[in-house]
Amino acid sequence: MPELPEVERAARIARRAALGKTLARITLLHPSLLRRVTPPQLHALVGATVAGVLRRGKHQLLELEDGRTIHVHFRMAGDWHIGRVDDDLPRQARATLEFTDGTRVSLVDPRALSTLSVHEVGDSPLPELGPEPSDPALTPSSLRAALARRNGPIKPVLLDQRIIAGVGNIYASEALWRSRISPRASASGLRTARLASLLAALRDVLGPAARLPGRYKAARDSARIAVYGRAGKPCRRCSRPISRIVQAGRSTFFCSSCQRS
DNA sequence: CGTATCCTGACC
DNA sequence: GGTCAGGATACG
């Protein structure tokens, strides 16, 4: 499920469910969650109140009034499910956050790759991340500078969260298709004009949360996914078949006819 | 740089 | 049974 637009939506849902509420109980339902958090850390959260729910890239931060932070990353398949403490647990619930008002926020994840960690005051919960797509300081020339020392093809580099936070495998392919740039084009070789169109395409395809402040985009066409998963089907621009290749272990979909290096 | 790894489920 | 999966990281 989750790239930036889906995580943005999830963070909103969590915010509506949890903001201002006080934790009554946190339960881990799958041992994979123990990779980043200990039961004592979780028990110590009881009684804390959620002061804010933020998204940064694909990361979610539940900021507590006392300055601690709960960090959640959905990885490939995580999502929130909101319910009440006496509801049946959703299938594949991996952790639950229960609040004193009876709200239950469940982390559901069929693959159990999601991570949850607790950070004390002064302990930064986030890894090194590039700018948000919506950051006005992100410009074609700043992007060019960020790519200057990168050797390989552009598509895998776009997945590096230190370049632009929140770009994932689907929308990387989509943005390259929209800007007619080959996924195999050299990252450091792209000139500012082409990066301007790539950046515009990324902001467009990543949805409202990725747009520059104050800019609207009217139509959310159903053709938002133009290439991903469409190997062999006709390109929506030139009708030639879409190709699938593997780069850095991930699928890339593109049109070898109208996307050029 | 590429590859393996963490997990489970869907699909061929 | 094998392959693939919208992510990230640890390795060689």
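Proteins get letters first, then strands, A, B, ... in listed order; numbering begins at 1 in each.
Considering every non-hydrogen atom in both V167(A) and E3(A), the closest pair reads C-OE1, 4.3 Å. Considering all non-hydrogen atoms of both residues, T139(A) and L199(A) come closest at C-CD2, 3.6 Å.
Taking atom CG of residue L129(A) and atom C1' of nucleotide dT9(C), one finds them 14 Å apart after rounding to whole Å. A straight line from CZ of R94(A) to P of dC6(B) spans 16 Å, rounded to a whole angstrom. Atom CD of E3(A) and atom C1' of dA5(C) are 12 Å apart (whole Å). Spacing between atom CD of Q247(A) and atom C1' of dC1(B) amounts to 13 Å, rounded to whole angstrom units. The interatomic distance linking Q92(A) (CD) with dT8(B) (P) rounds to 10 Å, in whole Å. Here the C1' atom of nucleotide dT9(C) and the CZ atom of R36(A) are 8 Å apart, to the nearest Å. The distance from atom CZ of R75(A) to atom P of dG7(C) is 11 Å, rounded to the nearest whole Å. Here dC1(B) presents its P atom at 13 Å from NZ of K155(A), a figure rounded to the nearest Å.
When heavy atoms are screened at a 4.0 angstrom cut-off, G152(A) is found touching the sugar-phosphate backbone but no base atom. Nucleic acid contact for R244(A): sugar-phosphate only, since backbone atoms but no base atoms lie under 4.0 Å from a heavy atom of the residue.
Proximity of S251(A) to the phosphate of dA5(C): a side-chain N or O atom is located under 4.0 Å from OP1 or OP2. Considering only side-chain N and O atoms, H59(A) lies nowhere under 4.0 angstrom from the phosphate OP1 or OP2 of dG7(C). The phosphate of dA8(C) has OP1 or OP2 within less than 4.0 Å of a side-chain N or O from H73(A). Within the structure, a side-chain polar atom (N or O) of R250(A) is placed less than 4.0 Å from OP1 or OP2 of dG7(C).
Closest contact between the side chain of R35(A) and the listed nucleotides dC6(B), dC1(B), dT9(C) involves dC6(B). Listed nucleotides: dG2(B), dG9(B), dC1(B). Nearest to the side chain of P110(A): dG9(B). Out of dG7(C), dT9(C), dT8(B), the shortest distance to the side chain of R111(A) is found at dT8(B).
Here the separation of dA5(C) from dC1(B), taken at their C1' atoms, is 24 Å to the nearest Å. When the P atom is used for both dC7(B) and dC11(C), the distance is 16 Å, rounded to whole Å.
There is no side-chain donor-acceptor pair under 3.5 Å between T192(A) and S141(A). Side chains of S114(A) and R75(A): no donor on one and acceptor on the other come within 3.5 Å. When only modelled atom types and interatomic distance are considered, H71(A) and T69(A) share no side-chain donor-acceptor pair under 3.5 Å. Side-chain N/O atoms of T252(A) and Q247(A) include a donor and acceptor closer than 3.5 Å. T49(A) and K21(A) form no side-chain donor-acceptor contact under 3.5 Å, judged by distance and modelled atom types alone.
Taken together, the paired segments of DNA chain C that extend over three or more consecutive Watson-Crick or G-U pairs, each closer than 3.5 Å at both contacts, are B:1-6 with C:7-12, B:8-12 with C:1-5.
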Derivation of the ring pair (Phe, Tyr, Trp, His ring centres under 6.0 Å) call for W177(A) and F253(A)
CA-CA 9 Å; W177(A) 179 82; F253(A) 296 88; over 10 Å; no

